[in-house]
Amino acid sequence: MMAQYLALKQQAGDCLLFYRMGDFFELFFDDAKIAAQVLDIALTSRGEHGGAPIPMCGVPVHSAEGYLARLIKAGCRVAIAEQVETPEEAKKRGGSKALVARDIVRFVTAGTLTEEALLEPRRANVLAAVCEVRGAIGIAACDISTGRMELEECAPDEMGAALARLGASEVVAPESWENAPIDCVSRPNRSFGSDEGETRLKAVHGVSTLDGFGQFSRAMLAAAGGLVAYLDHVGRGALPLILPPVAREAGTHMAMDEATRSSLEILVSSSGTRRGSLVEAIDRCVTGAGARLLAEDLSAPLTDTRAINRRLELVSWLHDDPLLRGDIRGILRSLPDVGRALGRVVAGRGSPRDLGQLRDGLSEARRLHDVLRARSDRPGPLDEMLPSLSGHGALCDLYARALVPAPPTERSQGGYIAEGYDAALDELRRVSGNARRAIAALEAKYRDDTGVAALKIRHNGVLGYFIEVPARHADRLMAPESGFTHRQTMAGAVRFNALALHEEASRIAESGGHALAAEEAHFEDLVGHAVRAKEAIAATAAALARIDVAAGQAERAAEGGWALPRVVDEPCLEITGGRHPVVEAALAAKGERFVANDCCLHPQDRLWLVGGPNMGGKSTFLRQNALIVLLAQAGGFVPAQAATIGLVDRLFSRVGASDNLARGRSTFMVEMVETAAILSQATERSFVILDEVGRGTSTYDGLSLAWAVAEAIHSINRCRCLFATHYHELSRLAEACDSLSLHHVRAREWKGDLVLLHELAEGPADKSYGLAVARLAGVPAPVIKRAKSVLEKLEKGRAATGGLAAGLDDLPLFAAAIEAAEEKVDALRERLNGLDIDSLSPREALDLLYQLKAQANG
Ligand code: ADP
């Protein structure tokens, strides 16, 4: 057995091997150790290998899904080795000692799940393949639970952002690629060929050219090849649902890098869960598919005014008609997950219940179609979607006739094909039903015949049907002429057979077996119909999801009194009465009120410095504006009284180092790497929020960096920017930078207590209130008192020396300062290069050093 195990393990590679033994999947060696630890189950041992006991653990087959889910969550991949013949077949093949043949039937990995129990209903599950072809990065992404496939190409430095947007649960890349993303699964290089990719895609879709699907670059095709090859490997030759690929054009979506996504807490909050995230505060979808699409919309806001307005038009229509919205949401609420049911059916892992879900989902789609068509004021985008909601009449009729109302998830017991669909099947069922009734009648007859009232006819897997009487009555049935034959003696009972019972039992077995086979054949046929209509069904699922998102956005807007944003091309940002959806909800839960604030950026006033005390609401203000931009470009209403959003091509959000300590790299280093990315990438159409840049280092360093970064953003990047800082000194930037203005969050001291008003006002902050905030936070009074006297001393000192920012008056502007510094360095370099060191006397060398030093300083 070990030889068979080890051979399979070799094929499984770095996946844990689930080795089927009877009713268990067993794991051995290191696999067992890992699984025992992750699953918290007992690690035992068995036999020995190389002189040491073999570690082992196992999980019951019937509850394997739950264990698989936990292993996958913990980052493991699993290969499932099943018995591929029965013990009888094995004996026939190789004698009584023959080992049952086993083979890996599939791999279970995070990105290739289709099981309902293993997937989160409200989250897409994306598998991505990435590779590089002549300097271009190709990315193929597919959610195989619904079959959606997208191909894109980007520059190497954009790969991180693209992968962050996709949020893939598994990424595969060529094994010898040195720039492969970390934690990816390595696959053979040859599967990432563009020719191979093209061939595979053509084969999957049965077409001779891909032109009908769009134009795909070499890099896209190579990535697609790697993706399909991996799916083929994982499914052991059985491919899941893959819809025709869609090319994602560069620049059609707002660029956001990973740091921005996590700092804006779009899909997960800083706690790593959905709680407290933006999507949680927005999501009012009533279907899983809608929630998945909403998450996608928020991950990839659009940059095309027309496309955004199309989404907004639909949301707005549904917003203005609460009754219609209620009706639509009512229909959607009862919908099964059509897309995922289709995914399972096409992958060959569908159940009768999945077919039932297709039937119910598609007929509800039709109902929705009729409701919407009855409305003459439909917006254009909806008109275009309507045809995808209908058109499955024949399939729905077929399934309605063929399937029972609530088909089971299991096929093995049959009973899912409806009566009246197949006369032959009905007849088989009638025969077996009659035989069952005959058996019930026999029981009464045998009781009469024998006079044993406790006689029962029972059934089990080993004996089939048998007659059982308590041991003390057994003698009557043992008599040779009784007509009963003895089969088994138990502790308190004796079991018998009888000819008539045997005959009826055979009838049941025979007709039951035929009925099962007939149901199987119908199942295959019904699956075939769905597979042939897969693209149309997927289009219906997509339309339903889009309508759910729009209705959910409208519902959210109505709930919160949100506004329809106006999206324009000029680089402005005018938000009246803006709010932060997550903070507002958190405050509302505590019965507190959120203070709405305005933001008004335009080319002549595009950089706002926001000062004020800690806890005053600076971060909240910055983020709410970024989120409003994001929500608007995702095609939804925004939490504000009114908003005009000048289209944003890239959104950046950076938070001072001390706000996220849980990173591996030095926090200040991370902050600077991220700031560097903004300075190199932000354009005049970008929107940047910078929160306490420079906080992670000493006061002087921090202030100087914040100063230089603000200047560069103002004069070089020229993007719209909100810049929160507690360095008062930065307010002097307003003197030299025309398009920069000063703002602060208001606070007041009242009877010695600090009152934070969370209200934005113009002008610089008057003081920092640091000590007052410390008192609010509960720092003991003696410490505050001591701090106060230290502060007084420091301030006196500052007044005497001219202060921290003394001397900044004559600081030349950013670009000029850099040039001057570089000129100086060049002059020094020139002088040094021209030196003949060997010809210098020690005295001359010393003099020269003095001169160079003076030149460097001067
Ligand atoms: P800062 O960045 O100035 O330190 P934050 O933005 O982190 O301050 O805000 C601190 C707290 O103040 C928030 O957690 C929130 O509870 C409250 N807050 C912030 N903005 C508002 C507002 N506009 N209305 C009401 N409460 C607010």
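First listed ligand is number 1; within each ligand, the first listed atom is number 1.
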- prompt: Among pairs that include at least one residue of residues 547-559, which meet side-chain hydrogen bond (donor to acceptor under 3.5 Å, both in side chains), considering only residues two or more places apart or in two chains?
  reply: Arg284-Glu559, Thr287-Asp548, Arg325-Glu555
- prompt: Salt bridge between Arg650 and Asp257, side-chain N to carboxylate O under 4.0 Å?
  reply: no
- line: The reported gap from OG1 in Thr620 to CE in Met615 (rounded to nearest 0.5 angstrom) is 8.5 Å
- request: Could I get the full list of ring-ring contact (aromatic ring centres under 6.0 Å, His included) partners for Phe637, not counting sequence neighbours?
  value: His319
query: What residues form a ring-ring contact (aromatic ring centres under 6.0 Å, His included) with Trp562, not counting sequence neighbours?
result: none
Please tabulate, line by line, the atom pairs linking an N/O of ligand 1 to a protein N/O at a distance below 3.5 Å, with the distance in Å to 0.1, or answer 'none'.
unit_1	atom_1	unit_2	atom_2	d
ligand 1	2 (O)	Ser619	N	2.8
ligand 1	2 (O)	Ser619	OG	2.6
ligand 1	3 (O)	Gly616	N	3.2
ligand 1	3 (O)	Gly617	N	3.0
ligand 1	3 (O)	Lys618	N	2.8
ligand 1	3 (O)	Lys618	NZ	3.0
ligand 1	4 (O)	Met615	N	2.6
ligand 1	6 (O)	Ser619	N	3.3
ligand 1	6 (O)	Thr620	N	2.8
ligand 1	6 (O)	Thr620	OG1	2.5
ligand 1	8 (O)	Gly617	N	3.0
ligand 1	18 (N)	His758	ND1	3.4
ligand 1	23 (N)	Val595	O	2.8
ligand 1	24 (N)	Val595	N	2.8

message: Counting neighbours of CZ on Arg70 that are heavy atoms of other residues, nucleotides or ligands and sit closer than 6.0 Å, is the number greater than 12?
response: yes
